[in-house]
Novice: 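Okay, here's the structure, questions in a sec.
Values below: all heavy atoms of this structure, side chains included; hydrogens, waters and symmetry mates excluded.
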Amino acid sequence: MNVWIWLIIIGCIAVMMLLLLKIYFLKKSAKEIKKAFIEKTEQNTNTLISISSHDADMKELAAAINTQLRIFHQSRQKFEHGDLELKEAITNISHDFRTPLTAIYGYLKLLQNDGCSETEKTYLSAIENRTNALKQLTEELFHYTLVCSDTEELSLQKININSVLENSILSSYAVLKQHKMIPQISIPDKKVERMLDENALSRVIGNIISNAIKYSDGDFIISLSADGSLRFSNHAAALTEIQVGRLFDRFYTVSSARKSTGLGLSIAKTLTEKMGGTICASYANQVLTICLKF
């Protein structure tokens with residue numbers, strides 16, 4: 001009787017050991033699949049998942065995931081190819097527009113200097129305004145493709161954010177005054193220094209200020225914190241939370257934003273992230289706030 005009991009015990013232990021080994025190899029295969037899946041989706045590679053286990057179910061799972069990975073790779077290649085074609089088309093179009101627009105602007109100046117009646121001056125002024133707007137939009141399209149290009153390298157060096165912010169505000173002061181916007185500015189006395197590209201940071205701040213001019217109800221608050229955070233706030237009753245959530249999308253504009261390609265904040269986001277920073281927008285109590293952190 002004792003022999004049978006011992007045999008049963010030994011049999012149970014053997015079964016438990018087999019089950020534990022089975023569980024161990026299943027967990028190992030699951031970890032292999034997880035690690036490989038992350039690598040295949042994050043890296044631009046067409047290689048598929050392979051596992052060391054010979055378990056039929058795990059091999060079937062890996063095969064099913066590989067099928068979806070093939071579809072994912074094909075979709076990503078189509079997207080990247082289409083995105084590249086779009087950028088090239090924008091670059092070519094904007095480049096082709098620049099030369100004739102410059103010529104048109106030059107001829108307009110000649111006509112304005114030539115003796116014109118008041119009515120003709122009014123018409124020429126309207127043409128000049130539209131030409132300037134088209135020229136600005138063309139330049140924005142051209143700069144967007146440069147910013148998004150992988151060949152566009154930033155020169156990171158230690159810069160004083162305080163100084164760059166002050167200079168950017170001064171550069172926009174005439175336009176702010178024209179729109180009757182007197183910003184409330186808060187900048188610490190202590191220097192806030194970071195490894196950034198000065199030209200890129202100036203462009204980011206300039207684009208955010210331009211955005212505030214488009215949407216502000218008249219107020220504008222700019223603040224820099226000692227931790228490198230920049231905040232730009234203004235009342236914007238015409239906006240909604242959904243619109244604010246899409247402000248960084250390229251080519252997105254709201255109906256109240258005339259003469260805009262919808263690229264200003266998209267460029268700001270791209271440049272900020274290239275410099276290792278973060279940018280976000282929030283909307284509460286009809287106040288739009290854009291935050292930068294380096």
Novice: Write down the atom of Lys158, the atom of Met195, and the distance for their closest heavy-atom approach.
Specialist: N-SD, 3.4 Å

Novice: How about Phe37: does its CZ atom have over 12 heavy atoms from other parts shown lying under 6.0 Å from it?
Specialist: no

Novice: Ignoring hydrogens and angles, tell me if any N or O in the side chain of Gln243 forms a donor-acceptor pair with the backbone of Thr240 under 3.5 Å.
Specialist: yes

Novice: Is there side-chain contact between Asn234 and Ile221, with at least one heavy-atom pair below 4.5 Å?
Specialist: no

Novice: Can you check whether Arg70 reaches His73 side chain to side chain, under 4.5 Å on heavy atoms?
Specialist: no

Novice: Are the side chain of Asn160 and the backbone of Asn162 linked by a donor-acceptor contact shorter than 3.5 Å?
Specialist: yes

Novice: Let me check something: do Ile104 and Tyr123 share a hydrophobic cluster, defined by ILVMFWY side-chain heavy atoms less than 4.5 Å apart, either directly or through other members?
Specialist: no

Novice: I'd like to know if the side chain of Arg231 and the backbone of Cys291 have a donor-acceptor N/O pair within less than 3.5 Å.
Specialist: no

Novice: Please examine the side chains of Ile182 and Leu176, heavy atoms only from C-beta on, and report whether any two atoms are closer than 4.5 Å.
Specialist: no

Novice: Between CD1 of Ile208 and CZ of Phe232, what distance do you get to the nearest 0.5 Å?
Specialist: 4.5 Å

Novice: Any side-chain heavy atom of Gln68 sitting closer than 4.5 Å to one from Ile65?
Specialist: no

Novice: Look at the side-chain heavy atoms of Ile, Leu, Val, Met, Phe, Trp and Tyr, link any pair under 4.5 Å apart, and say whether Ile222 and Val287 land in one connected group.
Specialist: no

Novice: Looking only at heavy atoms, what is the nearest atom pair of Ala200 and Leu154, with distance?
Specialist: CB-CD2, 4.2 Å

Novice: Roughly how far apart are Met16 CE and Ile23 CD1, rounded to 0.5 Å?
Specialist: 9.5 Å

Novice: Quick check for you: to the nearest 0.5 Å, what is the distance between Leu165 atom CG and Ile205 atom CD1?
Specialist: 5.0 Å

Novice: Pair Met181, Ile213 - check side chain to side chain contact (heavy atoms under 4.5 Å, CB included), show working.
Specialist: CA-CA 8 Å; Met181 293 172 62; Ile213 292 170; 4.2 Å; yes

Novice: I'd like to know whether Asp55 forms a side chain to side chain contact (heavy atoms under 4.5 Å, CB included) with Phe25, so could you lay out the CA-CA distance, the side-chain angles of the two residues, the decisive distance to 0.1 Å, and finally the verdict.
Specialist: CA-CA 9 Å; Asp55 182 82; Phe25 285 115; over 6 Å; no

Novice: To check you understand the geometry: which heavy-atom pair defines the closest contact between Tyr283 and Leu239, and what is its length?
Specialist: OH-O, 3.0 Å

Novice: Would you find a donor on one side and an acceptor on the other, under 3.5 Å apart, between the side chain of Asn207 and the backbone of Gly264?
Specialist: yes

Novice: So that I can tick it off, tell me whether Lys274 and Asp197 are bridged by a salt bridge, with the cut-off set at under 4.0 angstrom between side-chain N and carboxylate O.
Specialist: no

Novice: Measuring from Phe220:CZ to Ser172:OG, what's the distance to the nearest 0.5 Å?
Specialist: 8.5 Å

Novice: Does Ile161 reach the side chain of Val164, with side-chain heavy atoms less than 4.5 Å apart?
Specialist: no

Novice: Would you please name every residue forming a salt bridge (charged side-chain N to carboxylate O under 4.0 Å, His left out) with Glu166, sequence neighbours left out?
Specialist: none

Novice: How many angstroms lie between atom SG of Cys280 and atom CD1 of Ile290, to the nearest 0.5 angstrom?
Specialist: 9.0 Å

Novice: List the steps and the verdict of side chain to side chain contact (heavy atoms under 4.5 Å, CB included) for Ile185 and Ile187.
Specialist: CA-CA 6 Å; Ile185 305 166; Ile187 300 177; 3.7 Å; yes

Novice: Check whether any side-chain heavy atom of Thr278 sits under 4.5 Å from a side-chain heavy atom of Glu273, and report yes or no.
Specialist: no

Novice: With rounding to the nearest 0.5 Å, note down the distance linking CD1 in Ile13 to CG in Leu18.
Specialist: 12.0 Å

Novice: Considering all heavy atoms of both residues, which atom of Ala237 and which atom of Gln286 are nearest to each other, and what is their separation?
Specialist: CB-OE1, 3.8 Å

Novice: Over all heavy atoms of both residues, which pair between Ala236 and Leu288 is shortest? Give the atoms and the distance, please.
Specialist: CB-CB, 4.4 Å

Novice: State, with a plain yes or no, whether a side-chain heavy atom of Ile159 is found less than 4.5 Å away from one of Glu193.
Specialist: no

Novice: For Phe294 and Met275, run side chain to side chain contact (heavy atoms under 4.5 Å, CB included): C-alpha distance rounded to whole Å, both residues' side-chain angles, the deciding distance at 0.1 Å, then the answer.
Specialist: CA-CA 8 Å; Phe294 294 105; Met275 292 187 288; 4.1 Å; yes

Novice: Using every non-hydrogen atom in the two residues, find where Ile267 and Arg203 come nearest and quote the distance to one decimal.
Specialist: CG2-NE, 3.8 Å

Novice: Can a donor-acceptor pair be found, under 3.5 Å and without considering hydrogens, that links the side chain of Ser225 to the backbone of Gly228?
Specialist: no

Novice: Would you find more than 12 non-hydrogen atoms of other residues, nucleotides or ligands less than 6.0 Å from Tyr173 atom OH?
Specialist: no

Novice: Do Asn167 side-chain atoms and Ser163 backbone N/O form a donor-acceptor pair below 3.5 Å?
Specialist: yes

Novice: Is there side-chain contact between Ser229 and Leu292, with at least one heavy-atom pair below 4.5 Å?
Specialist: no

